4 protein chains.
Amino acid sequence: MPKVSAAHRDSRRRQILDAAIECFARKGFQRTSMEDIIRESKLSAGAIYLYFHSKNEIIETLADARHQREKRLIAESFAGAGWTESLRALFTTFRDALVEPAEKKERRLGIHLWAEALCNPKVLRLIRRGINQPLESLSREIAKAQADGRLQKTVDPDAAARLLIALFHGFILQQAWDDRADVRAFANAAHAMAEAYFSAAPRSRRAPVRELQA
Amino acid sequence: MPKVSAAHRDSRRRQILDAAIECFARKGFQRTSMEDIIRESKLSAGAIYLYFHSKNEIIETLADARHQREKRLIAESFAGAGWTESLRALFTTFRDALVEPAEKKERRLGIHLWAEALCNPKVLRLIRRGINQPLESLSREIAKAQADGRLQKTVDPDAAARLLIALFHGFILQQAWDDRADVRAFANAAHAMAEAYFSAAPRSRRAPVRELQA
Amino acid sequence: MPKVSAAHRDSRRRQILDAAIECFARKGFQRTSMEDIIRESKLSAGAIYLYFHSKNEIIETLADARHQREKRLIAESFAGAGWTESLRALFTTFRDALVEPAEKKERRLGIHLWAEALCNPKVLRLIRRGINQPLESLSREIAKAQADGRLQKTVDPDAAARLLIALFHGFILQQAWDDRADVRAFANAAHAMAEAYFSAAPRSRRAPVRELQA
Amino acid sequence: MPKVSAAHRDSRRRQILDAAIECFARKGFQRTSMEDIIRESKLSAGAIYLYFHSKNEIIETLADARHQREKRLIAESFAGAGWTESLRALFTTFRDALVEPAEKKERRLGIHLWAEALCNPKVLRLIRRGINQPLESLSREIAKAQADGRLQKTVDPDAAARLLIALFHGFILQQAWDDRADVRAFANAAHAMAEAYFSAAPRSRRAPVRELQA
DNA sequence: AATGAATGAGGCTTCATTCAT
DNA sequence: TATGAATGAAGCCTCATTCAT
């Protein structure tokens with residue numbers, strides 16, 4: 001029987017993770033020292049190691065949390081009705097996340113994780129999961145919509161799913177580098193582009209788009 | 001300053017930068033020690049500091065080189081003829097860069113720079129230049145094409161330029177995380193999507209795409 | 001102080017000491033953390049500090065226990081009859097202690113204490129007592145046997161006592177480093193050597209053993 | 001071609017090892033911090049790690065040096081003439097090493113190594129080598145002397161070799177615990193005992209020494 | 001120009017012990 | 001009595017940079 005509640009334990013972990021997010025978002029993983037996190041969390045060195053085994057474990061915990069969140073956001077967008085509505089919901093969700101100044105830290109953290117994944121196998125695994133599951137579910141939705149005749153069939157579901165994710169990630173970078181980037185304009189344009197692509201009249205009626213030459 | 005000396009100087013700098021790229025791509029900036037670069041370059045610690053004042057200066061030099069390169073790639077795509085051809089050239093260039101295994105290191109380095117920019121003001125400045133100039137030139141080309149009537153006018157040139165860059169950056173991430181991502185399929189799909197968006201028949205003739213609701 | 005409480009207190013102390021022996025024998029004093037002892041004893045940190053003031057006190061308690069035990073073993077060997085029988089009993093006791101696998105932990109602990117004594121004054125004092133008392137009682141027995149004419153007089157009682165102890169300690173090391181060392185063979189040989197030494201016909205009848213030259 | 005000579009390198013290593021011996025002899029391995037060694041050696045932290053990869057490597061280097069030395073000492077004792085002289089040489093060598101105050105540090109270090117071996121596999125390996133080679137060479141000499149008829153045959157060469165080593169190790173402990181222990185008296189007595197054992201008139205002529213009973 | 005030994009601050013983590021409950 | 005979370009000093013090691021040669 002725990003002396004302090006599980007709630008207390010969770011709150012301490014939260015306290016540490018919040019401090020870590022603050023520091024990591026500001027300075028990246030390697031430039032942030034445990035000392036920084038200790039100061040920010042107002043805990044002692046020892047206390048932090050009571051809740052996490054290492055700095056790396058903190059990073060991995062945050063990576064995992066982001067993965068869970070991304071998965072949820074995409075799943076929710078597709079919870080509702082038809083393809084057109086889902087696509088709209090997806091872009092709306094995405095836009096709302098990006099205009100929210102409170103999440104700026106998380107977005108910066110996310111970018112640090114993208115780079116971290118290149119040299120940290122555990123983070124890479126989490127990032128892959130965080131991207132593959134959304135890719136697969138997007139891809140599945142696209143294929144489903146095609147099967148139902150609501151979407152033109154020339155679209156490659158996997159590539160199209162990657163397009164959507166790439167748009168999101170790509171803009172997150174632009175926004176991180178320059179706060180003045182216009183999220184709404186981007187989201188509208190991106191949505192319009194996706195709409196144009198997905199629901200374009202069958203190419204056959206128009207001049208066909210030639211594939212890029214090898 | 002005799003000519004031989006300048007050539008020698010450049011070759012030494014190249015030697016150091018190549019070693020740095022190798023190391024940074026593999027381990028990121030903070031995980032790479034000067035010792036790593038020294039070993040990889042087969043030079044001595046002292047020699048390296050003869051050509052660069054600090055590790056940071058090496059990073060900044062690399063950041064600048066990437067910026068120059070991106071600017072050039074985009075400029076070249078638009079060197080030629082009309083809008084449609086330019087768009088095609090852009091995607092072809094992009095695709096060719098991504099299938100090239102020899103550039104894998106540079107692509108990884110680029111991602112590290114994206115994150116580095118978040119906590120290194122000098123790198124941020126270089127990244128901004130590296131993105132703003134392409135953004136502006138793309139934007140200018142779009143506006144020009146609209147003015148010439150070759151492009152529908154509903155497109156916001158700035159947002160559209162950002163879309164294109166976002167697609168590129170976004171996919172570079174996906175490829176870095178998973179080598180098996182299909183570059184050609186993505187490039188084709190991205191091109192088709194851009195085509196659909198830019199050269200769509202004026203919306204007025206079709207059901208209008210409603211803006212995302214606030 | 002009620003009897004129940006004292007019994008309980010002793011049992012708790014035993015529990016802690018047993019855990020400590022286990023850990024110390026395995027990892028030595030400095031490598032064993034209080035955390036290790038806590039885990040092994042299945043008690044809490046606080047509980048342990050209720051029974052011992054510090055890690056050092058645990059070590060000293062164990063050192064003292066060993067001292068008591070050594071003293072007792074030697075005393076018992078000499079409880080009985082004459083010199084020859086006592087010597088035999090001494091080696092038998094010693095051999096029996098070393099073949100006993102159950103005492104392996106204690107033997108290892110003992111070695112750690114020997115080294116610990118070099119930098120821990122309290123342990124040194126206990127070790128000294130643990131060795132001086134046996135030395136003195138052995139020495140006294142030898143002198144007594146000489147006085148009774150049962151032992152040749154050329155033997156220096158103090159040095160001879162040290163010889164015996166040295167044999168024991170020396171072999172304990174060899175066994176600790178290599179389990180395969182043959183205890184019985186060693187004990188037999190050691191006994192034979194001691195016999196040869198102590199009960200040798202007076203040197204005067206034979207070629208005298210010259211002292212080692214300075 | 002090295003910038004500084006191999007001699008310089010060796011002298012630096014010596015400087016570090018001497019400091020380490022000083023500290024380790026005084027406080028043991030675990031109580032000695034790298035900080036201690038740094039201070040004692042008058043070098044910087046970084047400098048030390050230029051010559052040794054870790055604190056452990058320093059310990060192992062010292063363990064190896066002792067092993068080499070012990071092997072040499074024993075070999076030298078048996079370099080000369082017959083068995084009796086060799087035995088005498090062995091005890092003389094041993095005694096001379098123990099009376100030398102300059103080697104007190106090394107003797108203490110040796111004891112710390114004996115305990116360290118119990119929890120440090122690399123040190124254990126070195127200690128084993130440091131003891132097995134002497135054991136084997138002693139054992140070989142004994143067997144040889146027996147074959148030549150210079151030694152009675154009832155002696156078990158391996159056990160007898162262990163006896164000798166045990167005497168040495170055992171007394172080193174006693175001396176470390178109490179400086180006043182009389183080395184010369186011990187060495188003389190030990191030598192006399194060994195003599196009595198090895199060159200005793202065949203047992204058959206006297207009352208046989210019964211083996212210790214099981 | 002070139003070398004590489006040297007510096008010493010600072011990074012991550014552990015640990016004996018305490019104390020509020 | 002008993003718990004175990006909390007403390008914070010101290011331990012081992014790395015690293016960007018300098019400088020005598």
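Since the structure is predicted, the reported quantities are computational estimates derived from the model, not experimental observations. In what follows, every chain begins at residue 1, and chains take the letters A, B, ... in the order their sequences are listed.
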Subject >> Basic-acidic side-chain contact under 4.0 Å: C:E22, C:R39 >> reply: no

**OP:** Apply the test side chain to side chain donor-acceptor pair (under 3.5 Å) to residues B:E57 and B:H53: give CA-CA distance (whole Å), side-chain angles for both, the deciding distance (0.1 Å), then the verdict.
**Re:** CA-CA 6 Å; B:E57 195 182 288; B:H53 290 99; 2.8 Å; yes

**OP:** Quick one: label D:M34 by what it contacts on the DNA or RNA (base, sugar-phosphate, nothing), any heavy atom closer than 4.0 Å.
**Re:** sugar-phosphate

Original post:
Given that C:T32 and D:A47 both sit by DNA chain E, which one's nearest nucleotide is further toward the 5' end?
Top reply: D:A47

Original post:
Dot-bracket for DNA chain F, 5' to 3', with Watson-Crick and G-U pairs under 3.5 Å, [ ] for crossing pairs and | for other-strand pairs: what is it?
Top reply: .||||||||||||||||||||

Subject >> Which nucleotide in E:dA5, E:dA1, E:dT13 has an atom nearest any side-chain atom of A:S54 >> reply: E:dT13

Original post:
Does A:R9 put a side-chain nitrogen or oxygen below 4.0 Å from OP1 or OP2 of F:dA5?
Top reply: no

Original post:
Could you go step by step and tell me if B:R26 and B:E40 meet the side-chain contact (heavy atoms from CB on, under 4.5 Å) rule?
Top reply: CA-CA 12 Å; B:R26 197 154 51 215; B:E40 183 75 32; 3.4 Å; yes

Original post:
Are A:R14 and A:D10 close enough for a salt bridge, meaning some N to O gap below 4.0 Å?
Top reply: no

Original post:
What's the CD-P distance between C:E57 and E:dA16, to the nearest Å?
Top reply: 15 Å

Original post:
How close or far is atom P of F:dA16 from atom CZ of B:F52, stated in whole angstroms?
Top reply: 16 Å

Original post:
For E:dA5, does either OP1 or OP2 sit under 4.0 Å from a side-chain N or O belonging to D:Y51?
Top reply: no

Subject >> Closest to the B:A45 side chain, choosing from E:dC12, E:dA5, E:dA2 >> reply: E:dA5

Subject >> Separation of atom CG in C:L50 from atom P in F:dA2, rounded to whole Å >> reply: 6 Å

Original post:
If you find the nucleotide of DNA chain F closest to A:R12 and the one closest to C:S44, which residue's nucleotide is nearer the 5' end?
Top reply: C:S44

Original post:
Counting only N and O atoms by type, is there a donor-acceptor contact under 3.5 Å from the side chain of D:K122 to the main-chain atoms of D:A117?
Top reply: no

**OP:** Check the distance between E:dT17's P and C:I37's CD1 and give it to me in whole angstrom.
**Re:** 10 Å

Original post:
Within less than 4.0 Å of OP1 or OP2 of E:dT13, is there a side-chain N or O belonging to A:Y49?
Top reply: yes

**OP:** Check whether any side-chain nitrogen or oxygen of B:H8 sits under 4.0 Å from OP1 or OP2 of E:dA2, and answer yes or no.
**Re:** yes

Subject >> Value in whole Å for how far the C1' atom of E:dT14 lies from CD of C:Q30 >> reply: 14 Å

**OP:** Could you tell me the separation between the CD atom of C:Q15 and the P atom of F:dT1, rounded to a whole number of Å?
**Re:** 14 Å

Original post:
Hey, is D:R69 close enough to D:E103 for a salt bridge, meaning N to O under 4.0 Å?
Top reply: yes

Original post:
DNA chain F: B:E35 or A:K42, which has the more 5' nearest nucleotide?
Top reply: A:K42

Subject >> 4.5 Å side-chain heavy-atom contact, D:L43 and D:L50 >> reply: no

Original post:
Between F:dT7 atom C1' and A:I16 atom CD1, what is the distance in whole Å?
Top reply: 14 Å

Original post:
Between D:G46 and A:G46, who's closer to the 5' end of DNA chain E by nearest nucleotide?
Top reply: D:G46

**OP:** Please check the phosphate of E:dC15 (OP1 and OP2 only) for any side-chain N or O of C:R31 closer than 4.0 Å.
**Re:** no

